[in-house]
Amino acid sequence: MSNIEQRPFVPAKKVDTDYPLIDSDPHFKRVIGYARKSDYVAGAATATAGPGLMLLWERIAPSLVGKGGFAPIMRLSGAIGLSAGFLMFYQRSILRFYGFTENSREVAMDMKEMVTKVKKGEPLYGVSTTTPYIQGMASRNSRYSGVWLHVLPWFNFVNHNQHGVDTAKYYQQAERELEAEKN
């Protein structure tokens with residue numbers, strides 16, 4: 001075994017928040033899957049704000065660029081608006097995983113999802129085809145990346161087991177549920 005694969009596990013830093021931490025490095029699919037309707041609305045409002053303002057400004061103070069001159073500006077503002085809308089949507093959802101905003105719905109969803117996986121005998125955070133070293137590197141690179149999403153959009157696409165939470169709670173809850181089913 002090489003020295004690279006023998007490096008120690010680097011635990012996630014505990015951040016003091018008002019709400020419980022669900023995951024310090026959630027997978028992209030989980031962030032999208034746990035999004036609320038309000039996240040979609042905020043994303044859509046953000047996405048339409050740019051092109052909407054361009055149309056308003058063109059109406060108030062016409063640019064007089066001539067035929068075909070305004071269309072490229074609208075395409076660019078539309079593309080920027082869609083990007084900004086998606087980032088707004090994603091950030092609102094991921095901040096709940098970190099416990100920075102109210103997340104009682106997501107805590108319940110997480111518990112249900114993970115307990116179901118425990119009962120089925122599946123790995124909690126999915127199966128990974130990468131080495132433990134790469135999983136650790138991916139975790140360290142994207143942990144709490146949603147905080148700086150407005151500076152550098154960075155997403156976690158790697159399944160790993162380094163999420164900054166004690167997974168024993170899922171196994172204990174699964175045990176309690178299995179006991180309750182027996183009685």
Side-chain angles (χ1 to χ4, degrees), residues 4-5 7-51 75-118 120 122-167 169-170:
I4 286 179
E5 292 181 21
R7 289 189 181 172
F9 168 76
V10 178
K13 178 181 167 81
K14 289 285 183 191
V15 178
D16 224 5
T17 61
D18 293 336
Y19 304 99
L21 172 71
I22 299 171
D23 196 335
S24 65
D25 188 24
H27 193 278
F28 182 82
K29 289 179 183 178
R30 283 189 83 199
V31 176
I32 301 296
Y34 281 45
R36 296 180 181 183
K37 288 180 185 175
S38 62
D39 299 335
Y40 285 97
V41 170
T46 303
T48 58
R75 283 193 294 272
L76 178 62
S77 66
I80 292 171
L82 283 174
S83 300
F86 173 75
L87 292 176
M88 172 64 79
F89 156 81
Y90 191 86
Q91 187 167 40
R92 285 175 54 100
S93 182
I94 201 168
L95 290 180
R96 284 191 216 92
F97 277 92
Y98 300 154
F100 293 165
T101 57
E102 188 279 318
N103 63 359
S104 58
R105 173 185 167 266
E106 288 74 15
V107 168
M109 288 174 68
D110 174 63
M111 183 61 75
K112 183 178 178 184
E113 176 187 0
M114 295 304 179
V115 167
T116 302
K117 286 183 176 186
V118 168
K120 290 180 180 178
E122 298 174 356
L124 292 180
Y125 296 104
V127 177
S128 182
T129 58
T130 61
T131 66
Y133 173 74
I134 296 298
Q135 292 174 34
M137 170 116 19
S139 172
R140 289 186 296 275
N141 285 334
S142 61
R143 196 177 291 154
Y144 289 109
S145 63
V147 175
W148 292 96
L149 203 61
H150 62 287
V151 176
L152 179 65
W154 196 276
F155 310 102
N156 174 28
F157 295 109
V158 177
N159 290 321
H160 57 77
N161 61 359
Q162 301 177 27
H163 294 270
V165 293
D166 183 12
T167 57
K169 64 184 177 184
Y170 304 127

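Because the structure is a prediction, the values reported are computed rather than measured.
- The aromatic rings of Tyr144 and Phe100 lie parallel to each other, their planes meeting at an angle below 30°, with 60° marking the opposite boundary.
- Within a 6.0 Å radius of CE in Met88, no more than 12 heavy atoms belonging to other residues, nucleotides or ligands are found.
- Between Phe157 and His27, the ring-plane angle classifies as perpendicular under the 30° and 60° cut-offs.
- For the pairing with Glu106, the salt bridge (Lys or Arg N to Asp or Glu O under 4.0 Å) check across Arg92, Arg36, Lys112 returns one residue only, Arg36.
- By the 30° and 60° cut-offs, the orientation of the rings of Phe89 relative to Phe86 is tilted.
- No donor-acceptor distance shorter than 3.5 angstrom exists from the side chain of Asn156 to the backbone of Ser142, with no hydrogens or angles considered.
- The aromatic rings of Phe155 and Tyr90 stand perpendicular to each other, their planes meeting at an angle above 60°, with 30° marking the opposite boundary.
- Arg143 places a side-chain heavy atom less than 4.5 Å from the side chain of Ser24.
- In this structure a side-chain-to-backbone donor-acceptor pair under 3.5 Å is present from Ser83 to Ala79.
- Contact of the Asn159 side chain with the Tyr125 side chain is not registered, since no non-hydrogen atoms from C-beta on lie closer than 4.5 Å.
- In this structure, Lys117 contributes its side chain and Leu124 its backbone to a donor-acceptor pair below 3.5 Å.
- Under the 4.5 Å side-chain criterion, counting only non-hydrogen atoms from C-beta, Arg105 is not in contact with Arg96.
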Verify side-chain contact (heavy atoms from CB on, under 4.5 Å) between Met137 and Thr130, making sure each step is shown before the conclusion. CA-CA 11 Å; Met137 170 116 19; Thr130 61; over 6 Å; no
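- The two atoms that bring His163 and Asp23 nearest to each other are ND1-OD1, 2.6 Å, heavy atoms only.
- Side-chain N or O atoms of Ser93 include one that pairs as donor or acceptor with a backbone N or O of Val31 at under 3.5 Å.
- Counted by atom type alone, Asn103 and Tyr98 present zero donor-acceptor pairs between their side chains at under 3.5 Å.
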